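Reviewing the structure listed below.
Below, read A as the first sequence line, B as the second, and so on, with proteins coming before strands; counting in each chain starts at 1. None of the values given here were measured: they were computed from a predicted structure.
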Number of protein chains: 2
Amino acid sequence: MKATSYTREDLVDLLRRHGIAPTHQRLEIAHVLFSRCEHLAADRVLALANERFAETSKATVYNTLNLFRDRGLIREVIVDPKRVFYDPNTEPHHHLYNVDTGELTDIAAEDLRISGMPVPPPGMVTEGVDVIVRIRAL
Amino acid sequence: MKATSYTREDLVDLLRRHGIAPTHQRLEIAHVLFSRCEHLAADRVLALANERFAETSKATVYNTLNLFRDRGLIREVIVDPKRVFYDPNTEPHHHLYNVDTGELTDIAAEDLRISGMPVPPPGMVTEGVDVIVRIRAL
DNA sequence: GGCAAAGATTGGACTTTGTCTAATTCATGG
DNA sequence: CCATGAATTAGACAAAGTCCAATCTTTGCC
Ligand SMILES: [Mn+2]
Ligand SMILES: [Mn+2]
Ligand SMILES: [Zn+2]
Ligand SMILES: [Zn+2]
């Protein structure tokens with residue numbers, strides 16, 4: 001939940017370090033993702049990217065989110081069957097999901113200890129461990 | 001992973017105990033879910049329910065899965081943004097997900113200990129905790 | 001059993017999220 | 001400035017799931 005403020009140069013640099021050509025649209029999308037530290041769905045990213053000037057298409061938003069995810073800039077959070085959330089924080093951490101409101105918040109990795117992690121079968125690796133704590137009113 | 005074999009009477013009873021009228025289609029779907037202890041997506045349930053005789057529609061499969069879920073007979077597993085898996089095992093337990101093959105297997109609750117569970121804010125309750133261990137070839 | 005009311009099922013239209021494609025636009029470096 | 005490769009785009013498409021109005025079953029009651 002660091003509220004780091006990235007300059008345009010920072011973002012250009014970030015994309016370049018991940019082997020991504022820093023186009024206008026990609027920078028706008030990166031700005032949307034990294035300026036706030038929220039968990040956004042694609043439709044929100046599209047809306048926010050076009051808030052000032054409409055210049056980014058739906059196809060580009062999806063292309064870019066998938067690209068950023070493949071290059072390890074962002075991470076998907078699968079918590080709602082209706083849409084994928086994108087998380088600008090790729091450090092290991094977990095999630096608290098309010099099933100009533102759809103609000104998704106972070107749980108720091110240190111705050112939650114898991115013991116007894118299964119050893120992956122030979123020839124397989126553990127890609128990640130997601131913990132989702134679902135909460136609800138009442 | 002108990003391979004309990006339910007008779008038709010058992011299933012009628014199970015549905016009645018959950019306040020569900022045991023119709024032909026619901027019994028067939030319950031049979032599909034409880035005779036094998038797998039994690040099935042809706043399209044698989046539809047295919048399996050109609051294997052012997054085609055008598056159950058897509059709408060009924062979705063209606064019934066949602067009903068069974070609401071009444072606590074089955075549980076959803078959200079692990080793949082493309083489809084929901086239905087789990088006939090509603091006891092607390094966790095999941096191992098093979099992202100290459102889509103195979104989903106159980107991790108017994110006792111085998112995985114979680115410490116530091118966040119306390120839900122006042123007026124909220126923890127509905128459940130899902131742990132998904134994602135594994136992949138290589 | 002027979003009947004009516006309540007409840008369940010159904011085909012198909014619809015919605016939503018996401019992907020794909022072929023055409024266009026853009027960036028770049030020589 | 002131009003050629004070339006890369007990125008963007010509109011809109012068609014796909015898949016999962018929901019909704020609806022018409023029809024069919026089930027069930028409680030006589
Ligand atoms: Mn912006
Ligand atoms: Mn069957
Ligand atoms: Zn997060
Ligand atoms: Zn399971």
Side-chain angles (χ1 to χ4, degrees), chain A residues 8 11-12 15-16 18-33 39-50 53-71 73-86 99 102 104, chain B residues 8-9 11-13 15-16 18-32 39-50 53-71 73-87 99 102 104:
Chain A
R8 183 142 287 235
L11 291 173
V12 168
L15 298 206
R16 285 239 168 84
H18 285 82
I20 297 169
T23 65
H24 194 179
Q25 286 87 343
R26 287 169 177 173
L27 286 171
E28 189 58 38
I29 292 168
H31 173 71
V32 164
L33 292 167
H39 304 85
L40 300 174
D43 64 325
R44 290 276 296 141
V45 174
L46 178 60
L48 291 166
N50 288 323
F53 301 102
E55 59 190 358
T56 308
S57 71
K58 182 180 70 148
T60 296
V61 167
Y62 279 104
N63 287 346
T64 302
L65 289 171
N66 288 339
L67 178 68
F68 284 6
R69 184 243 294 125
D70 290 345
R71 299 294 170 86
L73 259 166
I74 61 177
R75 150 192 189 185
E76 289 181 347
V77 183
I78 311 298
V79 79
D80 176 346
K82 290 211 159 22
R83 61 241 211 269
V84 173
F85 286 101
Y86 291 91
V99 299
L104 189 59
Chain B
R8 183 141 285 235
E9 308 316 317
L11 292 174
V12 167
D13 226 58
L15 297 205
R16 287 239 166 84
H18 285 81
I20 297 170
T23 65
H24 194 179
Q25 286 87 343
R26 288 171 176 172
L27 286 171
E28 189 58 39
I29 291 169
H31 173 73
V32 164
H39 304 85
L40 300 174
D43 63 325
R44 290 276 295 140
V45 174
L46 178 60
L48 290 166
N50 288 323
F53 300 102
E55 59 189 359
T56 307
S57 71
K58 182 181 69 148
T60 295
V61 166
Y62 280 103
N63 287 346
T64 301
L65 289 171
N66 288 339
L67 178 67
F68 284 5
R69 183 244 294 126
D70 291 345
R71 300 294 170 86
L73 260 166
I74 60 176
R75 150 192 190 185
E76 288 181 347
V77 184
I78 311 299
V79 79
D80 176 345
K82 290 208 160 23
R83 61 242 212 269
V84 173
F85 286 102
Y86 292 91
D87 192 337
V99 299
L104 189 58

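- Looking only at side-chain heavy atoms (C-beta outward), B:Y86 and B:V45 stay at 4.5 Å or farther from each other.
- Take B:D13 and apply the side chain to side chain donor-acceptor pair (under 3.5 Å) test, not counting sequence neighbours, and it matches B:R17.
- Counting only heavy atoms from C-beta outward, the side chains of A:H31 and A:E28 approach each other to under 4.5 Å.
- Residue contacts for A:A42: at a heavy-atom cut-off of 4.0 Å it reaches the sugar-phosphate backbone alone, with no base atom in range.
- In this structure A:R69 satisfies the salt bridge (charged side-chain N to carboxylate O under 4.0 Å, His left out) test together with A:E76, sequence neighbours excluded.
- Contacts of residues 53-68 of chain B with DNA chain C (heavy atom under 4.0 Å): B:E55, B:T56, B:S57, B:K58, B:A59, B:T60, B:N63.
- The stretch residues 79-87 of chain B touches DNA chain D through B:K82, B:R83, B:V84, each having a heavy atom within less than 4.0 Å of the strand.
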Summary of protein contacts for nucleotides 22-30 of chain C, nucleotide by nucleotide, where a base hit scores B, a sugar-phosphate-only hit scores S (4.0 Å, heavy atoms): ---------
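- Between B:P22 and B:D43, the one whose closest nucleotide on DNA chain D sits nearer the 5' end is B:D43.
- Protein chain A contacts DNA chain D over a range whose 5' and 3' limits, counting nucleotides with an atom under 4.0 angstrom from a non-hydrogen atom, are D:dA7 to D:dA12.
- Residues meeting the salt bridge (charged side-chain N to carboxylate O under 4.0 Å, His left out) test with A:E55, sequence neighbours left out: none.
- In this view, A:R26 satisfies the salt bridge (charged side-chain N to carboxylate O under 4.0 Å, His left out) rule with no residue, not counting sequence neighbours.
- Note: CD1 (B:I20) to C1' (C:dT9) measures 16 Å, nearest angstrom.
- Note: CG (B:L46) to C1' (C:dG11) measures 13 Å, nearest angstrom.
- Annotation: side-chain contact (heavy atoms from CB on, under 4.5 Å) contacts of A:L46 (sequence neighbours excluded): A:N50, A:K58, A:V61.
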Within the sub-3.5 Å range, which N or O atoms of nucleotides 1-7 of chain C have a protein N or O partner, and how far apart are they?
none

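- Considering only residues two or more places apart in sequence or on other chains, B:K82 meets the side-chain contact (heavy atoms from CB on, under 4.5 Å) condition with B:D80.
- Note that NE2 of A:H18 is 4.0 Å distant from CG of A:L73, once rounded to the nearest 0.5 Å.
- Using a 4.5 Å heavy-atom cutoff, the side chains of A:I78 and B:V79 are not in contact.
- Within the model, atoms CG of A:L27 and CZ of A:R8 stand 5.0 Å from one another, a figure rounded to the nearest 0.5 Å.
- In terms of modelled atom types and a separation under 3.5 Å, the side chain of A:H39 and the main chain of A:L104 share a donor-acceptor contact.
- Counting only heavy atoms from C-beta outward, the side chains of A:T64 and A:I20 never approach each other to under 4.5 Å.
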A:L15 and A:T23: CA distance, side-chain angles, deciding distance, side chain to side chain contact (heavy atoms under 4.5 Å, CB included) verdict: CA-CA 9 Å; A:L15 298 206; A:T23 65; over 6 Å; no
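- With sequence neighbours excluded, no residue forms a salt bridge (charged side-chain N to carboxylate O under 4.0 Å, His left out) with A:R44.
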